[in-house]
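Some notes on the structure that comes next.
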Amino acid sequence: RARARRPEPNKRNMEPKHAKTVPGSAGEDCCKPKPLESEDVFTFGSKLSLEEIRAMQANFAAERDWEKYDTPRNLLLALVGEVGELSEIFQWRGEVDVGLPGWSDADRTHLGQELSDVLINLIRLAERCHVDLPSAVLDKLALNAQKYPAEKVRGSNQKYTTYSS
């Protein structure tokens, strides 16, 4: 298999275009990680950005002359199919604990592959729809912080309309 070349890092693409301040967060940037109270803090090992993934997948498709097939509709259907494959991994396992205790290395590898398929298709769909996904994520996190203020919703899983006044 030919591998997509990793693009050269570009500082312009590695940093958010604008910092988001979440109302009610004492002026804190919503994108700065806050320490978690759990002993089992998980972080990604790679610093690979969404832009780098987008560029690699675009290059992969271009090398194969597949752009003509990467329409928004086709990509959405491919994404749904990949989510189905991801769901099959969990289908008959019952409730699964955080960290996947008892899962084999092969099961974890398969899960990583299916999660990757979902992410790649999502990023490609965003690209082909001209949606700046990192900016959209920042906007959505800010909106969620407004809809679900921590001081009102802590410990509850109710819909935001329950907390609206």
Side-chain angles (χ1 to χ4, degrees), residues 13-54 56-57 70-165:
N13 294 329
M14 303 287 274
E15 297 173 4
K17 291 181 182 175
H18 46 79
K20 294 281 183 184
T21 301
V22 178
S25 66
E28 292 183 24
D29 184 341
C30 75
C31 302
K32 290 183 182 174
K34 295 180 183 177
L36 300 176
E37 296 176 13
S38 169
E39 293 177 13
D40 298 323
V41 175
F42 174 82
T43 60
F44 296 126
S46 174
K47 300 296 183 196
L48 186 65
S49 72
L50 293 180
E51 174 54 27
E52 289 173 308
I53 296 168
R54 186 210 58 76
M56 289 188 299
Q57 181 59 24
D70 285 351
T71 63
R73 177 188 172 278
N74 287 348
L75 290 165
L76 175 61
L77 293 175
L79 176 62
V80 169
E82 295 300 343
V83 169
E85 290 181 26
L86 177 61
S87 299
E88 286 177 348
I89 296 171
F90 289 89
Q91 187 171 13
W92 304 113
R93 292 181 183 256
E95 195 58 43
V96 176
D97 290 330
V98 173
L100 311 177
W103 282 42
S104 70
D105 288 343
D107 286 342
R108 290 171 184 273
T109 298
H110 184 211
L111 176 61
Q113 291 170 347
E114 297 305 333
L115 286 167
S116 297
D117 285 340
V118 169
L119 180 62
I120 289 166
N121 278 285
L122 178 63
I123 291 170
R124 184 71 168 160
L125 176 60
E127 175 193 32
R128 300 300 276 184
C129 292
H130 296 179
V131 172
D132 180 348
L133 194 55
S135 292
V137 166
L138 293 176
D139 291 344
K140 184 62 177 175
L141 289 172
L143 179 62
N144 286 347
Q146 288 177 326
K147 288 165 60 172
Y148 298 97
E151 62 279 357
K152 287 185 179 180
V153 304
R154 187 169 285 109
S156 174
N157 64 355
Q158 299 296 311
K159 187 171 179 176
Y160 71 93
T161 53
T162 303
Y163 308 107
S164 301
S165 43

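When a residue number appears, it is its place in the shown sequence, counting from 1.
- Atom CD of Glu82 sits about 11.5 Å away from atom CG of Leu119, to the nearest 0.5 Å.
- Side chains of Ile123 and Gln57 form no contact here, defined as non-hydrogen atoms less than 4.5 Å apart.
- Within the 4.5 Å cutoff, the side chain of Val96 has heavy atoms near those of the Trp103 side chain.
- The main-chain N or O of Asp70 is found under 3.5 Å from a side-chain atom of Arg128 such that the two form a donor-acceptor pair.
- Nearest approach of Leu111 to Ile89, heavy atoms of both residues: CA-CD1, 3.8 Å.
- Contact annotation: the side chain of Asn121 never approaches that of Leu76 to less than 4.5 Å [non-hydrogen atoms, C-beta and beyond].
- In terms of heavy atoms, Leu122 sits closest to Leu133 at CG-CD2, 4.3 Å.
- The NE2 atom of His110 sits 6.5 Å away from the CD atom of Gln113 when rounded to the nearest 0.5 Å.
- Taken from CG in Leu75 to CD1 in Ile120, the straight-line distance is 12.0 Å, to the nearest 0.5 Å.
- You'll find the side chain of Met56 reaches within 4.5 Å of the side chain of Leu48, heavy atoms only.
- Put simply, the side chain of Asp107 does not reach to within 4.5 Å of the side chain of Leu100, judged on heavy atoms.
- Here the CD atom belonging to Glu95 is positioned 10.0 Å from the CZ atom belonging to Phe90, to the nearest 0.5 angstrom.
- We find the CD-CD distance between Glu51 and Glu127 to be 8.0 Å, quoted to the nearest 0.5 Å.
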